[in-house]
Amino acid sequence: MINCKMIDMPAFAGEYGQLNAIEGGHNVPFKIQRVYYITKVPKNVMRGFHSHRALEQVLLCVNGSVKIRLKTPSQEEVVELNDPSKGLYIGYMVWREMFDFTKGAVLLVLASQHYTETDYIRDYAQYLQESRKYFKEEDLKK
Ligand code: T46
């Protein structure tokens, strides 16, 4: 999927449990400006339904699991996050929907910019219009 990739977060695991280390500019490919987390999502609730124009993020499910549907004008993929050692990088102009949060799931998000509502595209028709201009034909075949 264009502008998305999985990132391994080094794990230090043993009989005392597990620690994962995240470093902005190292295993996260941007300077981290903001961190937020999503919890207490009721069964069958879906979130997201938007894209970002210039924000990059890494999503990690540090407890439980959640599914993320990713879309570009020509691609669609569902990624399940269920491992605190695996981060999902989502770059510019990728539509995302989050669903199937398990009870107690904690979705941790690292973001490259402070919160700016004008960076969101929340209307899917508007997203298709802007993203088709943004991506080149060759990109959409990847
Ligand atoms: C994303 C996915 C993965 C803030 O005031 N500050 C913040 O940093 C954020 C992220 C949200 N908000 C406010 C804006 C809304 O009034 O919190 C409320 C809920 O946000 P939203 O409906 O956008 O939440 P999600 O779960 O649909 O999307 C969030 C992020 O907003 C988004 O950037 O990529 O998680």
Side-chain angles (χ1 to χ4, degrees), residues 1-13 16-142:
M1 167 73 66
I2 190 170
N3 279 4
C4 295
K5 62 180 177 186
M6 295 305 298
I7 299 176
D8 287 323
M9 302 296 168
F12 302 89
Y16 299 110
Q18 179 168 313
L19 180 154
N20 287 93
I22 299 174
E23 296 197 45
H26 290 191
N27 50 357
V28 168
F30 50 79
K31 195 172 158 200
I32 299 165
Q33 298 275 20
R34 177 166 54 107
V35 175
Y36 60 92
Y37 37 90
I38 298 172
T39 56
K40 303 179 185 176
V41 179
K43 199 169 158 44
N44 297 326
V45 165
M46 301 180 78
R47 302 185 61 116
F49 296 91
H50 58 256
S51 167
H52 284 282
R53 296 185 170 94
L55 185 72
E56 296 173 272
Q57 299 191 107
V58 171
L59 281 60
L60 293 126
C61 194
V62 295
N63 189 56
S65 70
V66 59
K67 292 185 183 125
I68 318 289
R69 181 173 292 112
L70 302 165
K71 289 188 196 178
T72 65
S74 63
Q75 301 163 302
E76 180 168 337
E77 189 177 331
V78 174
V79 175
E80 180 168 349
L81 295 179
N82 54 15
D83 179 348
S85 300
K86 304 266 180 218
L88 170 64
Y89 168 84
I90 309 180
Y92 315 137
M93 285 294 184
V94 177
W95 187 264
R96 82 282 321 257
E97 299 165 7
M98 297 97 78
F99 60 103
D100 279 359
F101 285 80
T102 55
K103 195 169 192 294
V106 178
L107 181 62
L108 177 71
V109 184
L110 315 170
S112 65
Q113 295 181 5
H114 293 150
Y115 177 72
T116 320
E117 185 54 39
T118 52
D119 187 65
Y120 285 74
I121 308 173
R122 293 190 185 270
D123 176 75
Y124 193 64
Q126 173 73 19
Y127 165 71
L128 287 177
Q129 196 183 45
E130 286 193 36
S131 59
R132 283 195 182 116
K133 279 190 210 148
Y134 173 83
F135 291 121
K136 297 191 188 78
E137 277 303 308
E138 315 85 79
D139 290 337
L140 291 173
K141 288 180 194 143
K142 282 181 200 163

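Everything numeric in this text was worked out from a predicted model, so none of it was measured. Note that ligands are numbered from 1 as they come in the structure, with each ligand's atoms numbered from 1 the same way. Values below: all heavy atoms of this structure, side chains included; hydrogens, waters and symmetry mates excluded.
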Exercise. Answer with yes or no whether the side chains of Q18 and S85 bring together a donor and an acceptor at under 3.5 Å.
Key: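 S85 vs Q18: donor-acceptor pair found between side chains.
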Quiz item: Do H52 and Y120 have ring centres separated by under 6.0 Å?
Solution: yes
Quiz item: Residues in ring pair (Phe, Tyr, Trp, His ring centres under 6.0 Å) with Y89, at least two apart?
Solution: none
Quiz prompt | Side-chain touch V28/M9, heavy atoms, less than 4.5 angstrom | solution = yes
Quiz item: Is the shortest heavy-atom distance from the side chain of V45 to the side chain of F101 under 4.5 Å?
Solution: no
Self-check item: Amino acids contacting ligand 1, non-hydrogen cut-off under 4.0 Å
Solution: R34, Y36, I38, R47, G48, H50, H52, Q57, R96, M98, Y115, Y120, R122
Quiz item: Are more than 12 heavy atoms from other residues, nucleotides or ligands located less than 6.0 Å from atom OH of Y134?
Solution: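 Yes, the 6.0 Å shell around OH holds more than 12 heavy atoms from other groups.
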